[in-house]
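Here is the structure we will look at, set down as structure tokens.
Residue numbers start at 1 and run along the sequence shown. All values reported here derive from a predicted model rather than from experimental measurement.
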Amino acid sequence: MKTFKTVSIVFILSIISQSVTAVSATFKGDTIRYKFDKVLVEVTSPNFVSNSPERLQLGERVSQVQKILNEMTIEKPSEGERVMIAVRDVGNDLLEGNFKILELRNEKMNSKDLVIFDDGTIFEKDFGRYCISLNYHDLIMKLYLDNLSDLSYFSSDLFMQKAKSGTESIQKEIGQHRKYPVQAWVDLRAGTPEVFIQDSGDKPLDMLLISGGIGAGWVRNTFVSDLNFRLGLGFVNRGMMKNIYSVDWSIMYDFTNSSDENYFDLNHFVSLGWEHNFSNSPLEEKWYGLSLGYLVKQNNHFFKENTFRLSMNKKINNTFSVKPELYFNDFFKNIYPGIRLSVAF
């Protein structure tokens with residue numbers, strides 16, 4: 001009966017954990033739309049400042065696309081249609097492109113898809129008869145224009161000057177410190193840029209994390225297994241989960257004194273932990289963490305009294321984590337290493 005209760009609790013916790021994971025996976029990056037006289041540029045990225053059009057050598061990238069398009073015959077779109085030209089750069093980063101994948105398709109335009117701000121300003125969200133989408137690892141640039149001949153505008157000094165002034169205006173409007181992703185339009189058709197901030201309507205929030213898991217590893221030349229539970233707080237920055245502070249309860253079993261009469265000699269550790277996501281891309285999270293644990297309940301002599309555990313956590317994916325560890329008594333006496341593989345429900 002005890003085993004059934006334990007499994008039931010773990011199953012319930014796993015459901016909660018999976019629902020929390022689904023919420024934390026929601027990501028809305030910065031989306032900035034630059035409206036010029038004849039073109040509209042939309043940039044979606046983890047950080048609009050470092051990925052603004054004037055910093056991305058857009059003129060050079062468009063020239064590469066133009067060379068590709070010059071070798072092709074593209075029919076003019078029919079009334080109410082747009083030609084979508086998607087170019088994906090297959091490489092490790094923006095400066096390295098091994099080859100490109102190009103996709104062409106016609107799609108219907110929606111003339112009623114407008115963005116209207118409180119002061120009456122209206123932007124066409126479905127602007128342009130052509131759209132060139134440049135897709136990189138964690139960055140998408142979409143160029144909307146009525147004529148492909150307007151692509152030459154992206155190589156001009158005027159474009160660079162206006163794009164730079166637009167980015168600087170958005171920075172002044174939102175300030176230096178921001179927690180949520182930025183959704184904004186900047187109108188560059190007049191002399192002075194006008195900035196309009198959109199409410200994204202979907203702002204990821206800091207959240208309570210509850211999860212459970214099992215693990216197995218090697219400590220003091222002995223195979224060990226454990227059952228663990230976590231209560232933590234996750235903090236979001238610009239749409240991504242970046243920091244987790246947690247309290248972990250780990251029940252460890254070492255098999256050293258296993259017998260018919262004495263099968264469950266369990267040692268209990270309580271740990272305080274911190275994990276940080278070092279990635280700025282929602283497509284490739286990089287979680288590393290540290291935790292310090294203490295043996296709060298000793299049921300055999302596998303661990304001595306006043307045993308501490310210092311663990312480093314490397315998250316492989318949402319399920320598996322690797323934990324190199326050091327165990328020691330009092331102030332770093334009798335130090336011995338360990339390693340565990342943890343599986344989250």
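The nearest pair of heavy atoms linking S52 to T167 is CB-OG1, 3.3 Å. Nearest heavy atoms, G166 versus L188: CA-CD2, 3.9 Å. The nearest pair of heavy atoms linking W274 to Y245 is CD1-CE2, 3.2 Å. In terms of heavy-atom proximity, L40 sits nearest to R33 at CD1-CB, 4.0 Å. Contact detail for G293 and S271: the closest heavy-atom pair is CA-OG, 3.2 Å. In terms of heavy-atom proximity, F269 sits nearest to R309 at CB-NH2, 3.7 Å.
A donor-acceptor contact under 3.5 angstrom links the side chains of N334 and N329, judged on distance only. Checked by atom type, the side-chain pair N306/Y294 shows a donor-acceptor distance below 3.5 Å. A donor and an acceptor atom, one from each side chain of S279 and E285, are nowhere located under 3.5 Å apart.
The shortest side-chain heavy-atom distance between L151 and V62 falls under the 4.5 Å cut-off. With contacts defined as side-chain heavy-atom distances shorter than 4.5 Å, the pair F154/P53 does not qualify. Between L56 and L139, some side-chain heavy-atom pair lies under the 4.5 Å cut-off. Put simply, the side chain of I244 does not reach to within 4.5 Å of the side chain of L233, judged on heavy atoms. Under the 4.5 Å side-chain criterion, counting only non-hydrogen atoms from C-beta, S133 is in contact with I140. Proximity of D254 to N267: side-chain heavy atoms (C-beta onward) are separated by under 4.5 Å at one or more points. Counting only heavy atoms from C-beta outward, the side chains of F302 and V224 approach each other to under 4.5 Å. Residues Q171 and F48 form a side-chain contact, since some pair of their non-hydrogen atoms from C-beta on lies under 4.5 Å apart.
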* May I have the step-by-step check of salt bridge (Lys or Arg N to Asp or Glu O under 4.0 Å) for D226 and K323, ending in yes or no? => CA-CA 13 Å; D226 69 276; K323 299 182 179 182; over 6 Å; no
* Just do the side chain to side chain contact (heavy atoms under 4.5 Å, CB included) check on W185 and E42 with the steps written out, would you? => CA-CA 9 Å; W185 290 71; E42 176 183 300; over 6 Å; no
* Asked: Between D146 and R129, does a salt bridge (Lys or Arg N to Asp or Glu O under 4.0 Å) hold up when you go through it step by step?
  -> CA-CA 5 Å; D146 280 325; R129 300 170 66 206; 5.4 Å; no
* Take I251 and N228 through the side chain to side chain contact (heavy atoms under 4.5 Å, CB included) test and state the conclusion after the steps. => CA-CA 6 Å; I251 305 172; N228 56 78; over 6 Å; no
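Cluster annotation: I132 and M72 are assigned to the same hydrophobic cluster (Ile/Leu/Val/Met/Phe/Trp/Tyr, side-chain heavy-atom contacts under 4.5 Å, transitive). Note on Y253 and W249: same hydrophobic cluster, where clusters join Ile, Leu, Val, Met, Phe, Trp and Tyr whose side-chain heavy atoms are under 4.5 Å apart, directly or indirectly. At a threshold of 4.5 Å between side-chain heavy atoms, the hydrophobic network of Ile, Leu, Val, Met, Phe, Trp and Tyr places M312 and V322 in two separate groups. The cluster map of Ile, Leu, Val, Met, Phe, Trp and Tyr, joined by side-chain heavy atoms under 4.5 Å apart, puts V270 and L326 in the same cluster. Clustering ILVMFWY residues whenever any of their side-chain heavy atoms sit less than 4.5 angstrom apart, transitively, puts F308 in a cluster other than the one holding L290.
Remark: R61 qualifies as a cation-pi partner of Y136 under the 6.0 Å distance and 45° angle criteria applied to the six-membered ring. Cation-pi geometry between K35 and F127 is satisfied (NZ or CZ under 6.0 Å from the ring centre, within 45° of the ring normal).
No more than 12 heavy atoms of other residues, nucleotides or ligands shown are found within 6.0 angstrom of OH on Y288. Within a 6.0 Å sphere centred on NZ of K314, other residues, nucleotides and ligands contribute more than 12 heavy atoms. The local environment of CG in D157 is sparse, with at most 12 non-hydrogen atoms from other residues, nucleotides or ligands closer than 6.0 Å.
Ring geometry, F123 versus F196: the interplanar angle exceeds 60°, so the pair is classed perpendicular (tilted spans 30 to 60°). In this pair, H276 and F278 present their aromatic rings perpendicular. The plane angle is above 60°, beyond the 30 to 60° band.
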